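What follows is a set of notes on a single structure, which appears directly below.
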Amino acid sequence: MTISTDNPELDKKIIIENFMEELCRRDDENNKGPSIDSRGDPIVFPVEEIRQKHLRTFEIEYVKKVLREYILENSGNEPLEFLDNEQNIRLTDVGRARCHEYGL
């Protein structure tokens, strides 16, 4: 993955697309039904684990900042939700409905 330090918009696009693609893939694997697990909790994933796998070239705080901006840009229709002081993240129903945009 090439990092464009002179093109922050491209960096943001790379982060959002890669993160959403992986989040959709994991959510789909773990969730062949409703968006809650057997205990009734939302299915969540560690932000750092996804960053390590797909966005290692970006600092974790930068990834979180871009994701926060993405959530704000979609205010009222948020595709993601941070949990546990931004340690974990989950796909919302809106986000799940948009997974096809990320190749899933």
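A quick note: this is a predicted structure, and the numbers were derived from the prediction, not measured.
- Taken from CD in Glu101 to CD1 in Ile16, the straight-line distance is 11.5 Å, to the nearest 0.5 Å.
- Note that CD1 of Ile71 is 5.0 Å distant from CG of Leu80, once rounded to the nearest 0.5 Å.
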Report task. Go through the steps for Leu67 and Arg51 under the test side-chain contact (heavy atoms from CB on, under 4.5 Å), then give the verdict. Result -> CA-CA 11 Å; Leu67 294 174; Arg51 185 195 72 87; over 6 Å; no
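- Rounded to the nearest 0.5 angstrom, Gln52 CD and His54 NE2 are separated by 11.5 Å.
- Checking side-chain atoms of Asp27 against main-chain N and O of Leu23 turns up no donor-acceptor pair under 3.5 Å.
- Applying the side-chain contact (heavy atoms from CB on, under 4.5 Å) test to Gln87 and every residue at least two apart in sequence or in another chain returns Lys64, Asp84.
- Side-chain contact between Phe45 and Glu22: absent, with no pair of heavy atoms (C-beta onward) separated by less than 4.5 Å.
- Under the rule for a side-chain hydrogen bond (donor to acceptor under 3.5 Å, both in side chains), Glu78 has no partner lying at least two apart in sequence or in another chain.
- The environment of CD in Glu59 is sparse: at most 12 heavy-atom neighbours from other residues, nucleotides or ligands sit within 6.0 Å.
- The structure places CD of Glu86 at 7.5 Å from CD of Glu61, a figure rounded to the nearest 0.5 Å.
- Residues that satisfy the side-chain hydrogen bond (donor to acceptor under 3.5 Å, both in side chains) test with Glu81, not counting sequence neighbours, are Arg90.
- Grouping the Ile, Leu, Val, Met, Phe, Trp and Tyr side chains by contacts below 4.5 angstrom, directly or via other members, places Val63 with Leu10.
- Considering only residues two or more places apart in sequence or on other chains, Asn77 meets the side-chain hydrogen bond (donor to acceptor under 3.5 Å, both in side chains) condition with none of them.
- The salt bridge (charged side-chain N to carboxylate O under 4.0 Å, His left out) search around Glu49 returns Arg26, not counting sequence neighbours.
- Annotation: side chain of Ile89 is in contact with side chain of Phe19 (closest heavy-atom distance under 4.5 Å).
- The side-chain hydrogen bond (donor to acceptor under 3.5 Å, both in side chains) test applied to Lys53 returns no partner, not counting sequence neighbours.
- Salt bridge annotation for Asp28-Arg25: absent, with no cationic side-chain nitrogen under 4.0 angstrom from a carboxylate oxygen.
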